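These numbers were taken from a predicted model, which means no experiment stands behind them.
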Amino acid sequence: MTAHAVRIPVALPAGATDVSGLWTGIAGSPATIVLAHGAGAGMTHPFLEGMAGALSAGGFSVLRFVFPYVEAGRRMPGPAAHAVATWAGVQTWLATEGIASFVAAGKSYGGRMASVATAEGVLSPRALVYLGYPLHPPGRPDKPRAEHLPAITVPQMFVEGENDPFIAPREQFDAVVATCHDARVHWIERADHSFAVKGKRASADEVGAGLAGVVGDFVRGL
C-alpha cells in the first residue's frame, strides 16, 4: 500500500493556497484517520511514516498533510488561524473524495491545532487523537493551552508518555482531562514527549508503528 501525493486547497486569511498531502485509500476501510505533524517536523517524519504505514496495513485509510509554514520551507509554525484553516481545508478535501466521517489525529502541535479547530466549530471529526498533547511549554505549567478543550463534545483520546515534560506536573494534566466532555488517556510507561523510553532502543518509525494499535483500537471502538 503506497501513499500517493495530493494537493489540498487551503483558504488562508491572506488568500488561497494549497499544501502537500499523502493519501492511502483502502477499499472497505473501517475509518479514515488524518495524521498531522508536530511543530518541528513534517508529514514524512519517521514517527508518522511508521504510524501511517501500520494503520494502513491494519485496514485504515490514512491522510497526512503539512501546514502552510512547512510548505513554505519555514521551521516555525505560523499563526494558529493558518493551522485552523488548514484543518478546514483537509475536511473539505475529504468531502470531495466522498469521505464525510474521519478521525483527526496529530503529533503534539498538529493534534492541538485539531482541537482548536474543533472547539471553534471549523472542524467536525468523529473523534480526536492527541499523540503527546502539548499542554504547556516544558517547565511552564503557568502557560496552559487548555481553555478550549471543554467545548469539544466528540470523544478525545490522549496518548501520553509518563515522563513527558509538556504535561508535568501530572496533577495539572489530570485536572485538565477531567474538564473534557468525553476523554480518556492511554499512558506509555516511562516514555517522553517523543514516546522514546530511556534504555529501550527503538527507531522513530518503530515507535510510531508500535502506537498504531492503540490508535486503531480506539477508532474501532467508536
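- Panel note: side chain S29, backbone S61; a donor-acceptor pair is recorded below 3.5 Å.
- The only option from V159, D164, L149 that meets the side-chain contact (heavy atoms from CB on, under 4.5 Å) definition with Y133 turns out to be L149.
- With hydrogens and angles ignored, the 3.5 Å screen pairs no side-chain donor or acceptor of Q156 with any backbone N or O of C180.
- Closest non-hydrogen pair, L222 versus A127, comes out as CD1-CB, 3.7 Å.
- Shown here for P30 and R126, the closest heavy-atom pair between the two residues is O-NH1, 4.3 Å.
- Below 30°, between 30° and 60°, or above 60°: for W187 and F173 the angle between ring planes is above 60°, a perpendicular geometry.
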Assess whether side-chain contact (heavy atoms from CB on, under 4.5 Å) is satisfied between H136 and Q172, documenting all intermediate values.
-> CA-CA 10 Å; H136 56 70; Q172 181 186 26; 3.5 Å; yes
Salt bridge (charged side-chain N to carboxylate O under 4.0 Å, His left out) between E49 and R64: does it pass, once the steps are laid out?
-> CA-CA 9 Å; E49 289 275 11; R64 283 176 280 161; 3.4 Å; yes
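- Atom-to-atom distance recorded for W23:CH2 and I99:CD1 is 3.5 Å, nearest 0.5 angstrom.
- Across all their heavy atoms, G132 and F195 have their closest contact at N-CZ, 3.6 Å.
- Hydrophobic clustering (ILVMFWY, side-chain heavy atoms < 4.5 Å, transitive): V154 and V185 are in one cluster.
- Under a 3.5 Å cut-off, the side chain of T179 and the backbone N or O of V176 do form a donor-acceptor pair.
- Residues I33 and L211 share a hydrophobic cluster, clusters being chains of Ile/Leu/Val/Met/Phe/Trp/Tyr side chains in contact below 4.5 Å.
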Should E71 and R7 be marked as a salt bridge (charged side-chain N to carboxylate O under 4.0 Å, His left out) after you check the CA-CA gap, both sets of side-chain angles, and the distance that decides it?
-> CA-CA 11 Å; E71 188 72 37; R7 301 297 296 180; 3.2 Å; yes
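- Residues F65 and W93 are not in side-chain contact: their nearest non-hydrogen atoms beyond the backbone lie 4.5 Å or more apart.
- We find the CE-CG distance between M157 and D217 to be 8.5 Å, quoted to the nearest 0.5 Å.
- Within the 4.5 Å cutoff, no side-chain heavy atoms of M43 are placed close to those of K107.
- Taking every heavy atom of both residues into account, V122 and A88 meet most closely at CG1-CB, 3.3 Å.
- In this structure, the side chains of P68 and T86 come closer than 4.5 Å at one or more pairs of heavy atoms.
- P137 places a side-chain heavy atom less than 4.5 Å from the side chain of R145.
- Contact of the H45 side chain with the H37 side chain is not registered, since no non-hydrogen atoms from C-beta on lie closer than 4.5 Å.
- At least one side-chain heavy atom of L131 sits less than 4.5 Å from a side-chain heavy atom of V215.
- Contact of the L35 side chain with the F47 side chain is not registered, since no non-hydrogen atoms from C-beta on lie closer than 4.5 Å.
- Residues Y69 and V84 share a single hydrophobic cluster, defined by chaining ILVMFWY side chains whose heavy atoms lie under 4.5 Å apart.
- We find the CZ-CG distance between F158 and D174 to be 11.0 Å, quoted to the nearest 0.5 Å.
- Heavy atoms only, all atoms of each residue included: A36 and G110 are closest at CB-CA, 3.8 Å.
- Under a hydrophobic-cluster definition in which Ile, Leu, Val, Met, Phe, Trp and Tyr are linked whenever side-chain heavy atoms come within less than 4.5 Å, directly or via other members, L22 and W87 are assigned to the same cluster.
- Expressed to the nearest 0.5 Å, how far OG1 of T96 lies from CG of L94 amounts to 7.5 Å.
- Closest approach of Y109 and A83 over heavy atoms only: OH-CB, 3.5 Å.
- A salt bridge is defined here as a Lys NZ or Arg NE, NH1 or NH2 lying under 4.0 Å from an Asp or Glu carboxylate O, and E160 with R170 fails to meet this definition.
- Between atom CG of residue L128 and atom OG1 of residue T118 there is a gap of 4.0 Å, rounded to the nearest 0.5 Å.
- In the hydrophobic clustering of ILVMFWY residues, with side-chain heavy atoms under 4.5 Å counting as a link, V116 and V129 come out apart.
- F166 is not listed as a side-chain neighbour of L135, based on a closest heavy-atom distance of 4.5 Å or more.
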Would you check, one step at a time, whether the test salt bridge (charged side-chain N to carboxylate O under 4.0 Å, His left out) holds for D182 with R184?
-> CA-CA 7 Å; D182 180 0; R184 65 210 73 180; 3.3 Å; yes
